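See below for the structure under consideration.
In what follows, every heavy atom counts, from backbone to side chain, and hydrogens, waters and symmetry copies are set aside. The shown structure was predicted, so the numbers you read here are calculated from the model rather than taken from an experiment.
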Amino acid sequence: MKKCLYLLFAVAFASIQALTAQVNIFVNPDSVYASLPATEFEIELPSQIFNNSGGPVTIRWTRVVEQKPAEWDVNFCDKNLCYLGFVATKTFDLANADSGLLKPIFYP
């Protein structure tokens, strides 16, 4: 009897794990690289993020600036709004089959 209960528990646990939603998002272009002259007034690097998970997801972006000249400003736009350089992180929601903008903007 004990073995049957363990087997029933294992099957139930496996079924529950299979029913949980898988997050399936992708960003296009996957990695952004651009080389432009610093004489440009504005350098934009737009990407789109897509949600194909079958349900809504919350996206959280965090700004990480590894290196930039002190004179440059770096803003960031997402699906909802464009943020000034002092905003470090924000969240936004994407419904199933929805897409959103991810775009850093550099001002030399």
Side-chain angles (χ1 to χ4, degrees):
M1 184 69 173
K2 248 184 186 179
K3 289 181 182 179
C4 287
L5 286 176
Y6 286 135
L7 178 62
L8 183 61
F9 177 73
V11 169
F13 182 75
S15 298
I16 290 170
Q17 292 298 321
L19 293 176
T20 58
Q22 296 280 330
V23 175
N24 183 13
I25 60 171
F26 66 96
V27 178
N28 186 24
D30 190 8
S31 61
V32 178
Y33 174 79
S35 178
L36 297 169
T39 57
E40 295 289 326
F41 171 72
E42 181 177 281
I43 300 170
E44 296 181 359
L45 304 172
S47 292
Q48 288 286 324
I49 185 167
F50 299 92
N51 175 16
N52 293 325
S53 14
V57 294
T58 300
I59 306 296
R60 179 181 192 92
W61 59 263
T62 302
R63 179 192 313 260
V64 177
V65 178
E66 293 182 9
Q67 179 180 344
K68 74 170 183 66
E71 302 82 18
W72 285 34
D73 289 326
V74 182
N75 296 347
F76 192 84
C77 299
D78 66 19
K79 178 184 174 188
N80 296 329
L81 199 57
C82 287
Y83 301 93
L84 297 176
F86 60 83
V87 177
T89 186
K90 285 291 180 182
T91 60
F92 63 94
D93 295 322
L94 283 178
N96 182 38
D98 196 7
S99 66
L101 177 69
L102 296 174
K103 178 174 72 170
I105 305 171
F106 300 89
Y107 297 98

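With hydrogens and angles ignored, the 3.5 Å screen pairs a side-chain donor or acceptor of Asn51 with a backbone N or O of Gly55. Side chain of Arg63 to backbone of Val74: a donor-acceptor contact under 3.5 angstrom is found.
Open room surrounds NZ on Lys90; 12 or fewer heavy atoms of other groups in view lie less than 6.0 Å from it.
One hydrophobic cluster holds both Phe92 and Ile25 under the rule that ILVMFWY side chains link at heavy-atom gaps under 4.5 Å. Hydrophobic clustering keeps Val27 apart from Ile105 (ILVMFWY residues linked when any side-chain heavy atoms are closer than 4.5 Å, directly or through intermediates). The cluster map of Ile, Leu, Val, Met, Phe, Trp and Tyr, joined by side-chain heavy atoms under 4.5 Å apart, puts Leu102 and Leu81 in the same cluster. Transitive grouping of hydrophobic side chains (ILVMFWY, heavy atoms separated by less than 4.5 Å) brings Leu45 and Trp72 into a common cluster.
No side-chain donor-acceptor contact under 3.5 Å links Ser53 and Asn24.
By the 30° and 60° cut-offs, the orientation of the rings of Phe76 relative to Trp61 is tilted.
Taking 4.5 Å as the limit, every side-chain heavy atom of Asn75 sits out of range of all side-chain heavy atoms of Phe106.
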- Task: Output, in order, the C-alpha distance, side-chain angles, deciding distance and verdict of side chain to side chain contact (heavy atoms under 4.5 Å, CB included) for Leu94 and Ile49.
- Result: CA-CA 9 Å; Leu94 283 178; Ile49 185 167; 3.8 Å; yes
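The minimum heavy-atom distance linking Pro29 with Pro46 is given by the pair CD-O, 3.7 Å.
To the nearest 0.5 Å, atom NZ of residue Lys68 and atom CG of residue Asp73 are 6.5 Å apart. Separation of atoms CZ (Phe26) and CG (Asn52) is listed at 5.0 Å; rounding is to 0.5 Å.
Using a cutoff of 4.0 Å between basic side-chain nitrogens and carboxylate oxygens, Lys79 and Asp98 are scored as salt-bridged.
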